[in-house]
Amino acid sequence: MTEKAHKGVLVYAEHNKGIIHKVSYELLGKGRELAEKLGAPLYAIILGPKDIDIKELIYRGADKVFYIEDDVFNKPEEMLYKINLVEAIKDIKPEICLIGATTFGRSLAPRVASALGTGLTADCTELEIDDSDKLIQIRPAFSDNILAHIHTVTYPQMATIRYKEFFEAKRDINREGEIVKKQGIIPETRLVEILEEIKGDGIDITEAEVVVAGGRGIKTPEDLKLLKELADLLGGMIGASRDLVDQGYISSDYQVGYSGHRVKPKLYIACGISGAPQHLAGMRDSELIIAINTDPSAPIFNIADYGIVGDLYEVVPMFIEKLKRQES
Ligand code: FAD
């Protein structure tokens, strides 16, 4: 299809058992900006069970919401989502399609792009419209050393965007929009069917307001208790560099960084973390960064708001003691 056959910006609204993921609101915020520059409508599409609060997507900026309603979408079956999303996109013909780079979105987006025969830029950190109304997809490349500006020459121009990259669209309960219900395509035989979901420990480090993260400066898995004590006192969670995860000290649910989770807490305390680009990619946007490291030349100090050159085994207990004294 040619460029002219495509119009509008489409945001894929992710949900978990009917609860809309906040990344959807972030994409609607950025999507609105892009749609206005293009003079085009902003669409959202959601594949979900009955009784999702669809209007919320309109309050957050969508002009039209396509709702493929079926309880089967309570389960994150990518193949089923893919079939339905691909057919819907063929119908809607948006010029831009945005998907959150969540665990699910990262699995879904390439399947959809491939089925549509279009390109996909993963993990964008910024999106712009150029003078010829094409989408510029900006993302770090070569270990964050350059910011690549990428054009997709096929349509729709598809991108995934990391959670917490953009601000959520403001909520306006007076906004009006259209809700279009679409019939789901549920094949009788499915290549993949989820029979059982096994719950992890339910932690979501991306939502933490305080993260106390440990790196290779931590000598044994038991020593993570020290960081946990500090995190608990601050009402936060612990995080980890990939090295700690690779050593089996802690599960990947806690990994911060390029191949882990991206966090944007109010406070990030990096304990014994050198500050490799792949780690910084996941935490550099934290509001306040405190780094504790014995090596004064550790790169983490280049981005830290406060740097403490010292042994974490001495500094962290001092923090804990001070906080405990304040509490009592
Ligand atoms: P190190 O680099 O070994 O640093 C340990 C630091 O602790 C040193 O600076 C040292 O001075 C300090 N230290 C030692 N003892 C103490 C003490 N007692 N008190 C205070 N400081 C002390 N890494 C991630 O973290 N997240 C990712 O998502 C990620 N993704 C990656 C993806 C790819 C494709 C690749 C190639 C790598 C990735 N990495 C990732 C790995 C990354 O390159 C680094 O190897 C890793 O971040 C280093 O972890 P670290 O800082 O804990 O360890």
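Every heavy atom of this structure was used, including side-chain atoms; hydrogens, water molecules and symmetry mates were not. Counting starts at 1 for both ligands and their atoms, following the listed order.
Each ring-ring contact (aromatic ring centres under 6.0 Å, His included) pair with one or both residues in residues 210-251, not counting sequence neighbours, would appear here, but there are none. Pairs engaging residues 67-94 under the ring-ring contact (aromatic ring centres under 6.0 Å, His included) rule: Phe73-Tyr81, Tyr81-Phe104 [sequence neighbours left out]. Among residue pairs with one or both ends in residues 290-319, none qualify as ring-ring contact (aromatic ring centres under 6.0 Å, His included); sequence neighbours excluded.
Heavy atoms from other residues, nucleotides or ligands lying under 6.0 Å from NZ of Lys164 number more than 12.
Protein residues with a heavy atom under 4.0 Å from ligand 1 are Gly215, Arg216, Gly217, Lys219, Ser241, Arg242, Asp243, Gln255, Val256, Gly257, Tyr258, Ser259, Gly260, Gly272, Ile273, Ser274, Ala276, Gln278, His279, Ile292, Asn293, Thr294, Asp295, Gly310, Asp311, Leu312, Tyr313.
Classification of Asp63 and Arg175 as a salt-bridged pair holds, one side-chain N sitting under 4.0 Å from a carboxylate O.
Residue Lys266 holds its NZ atom at 12.0 Å from CG of Leu288, rounded to the nearest 0.5 Å.
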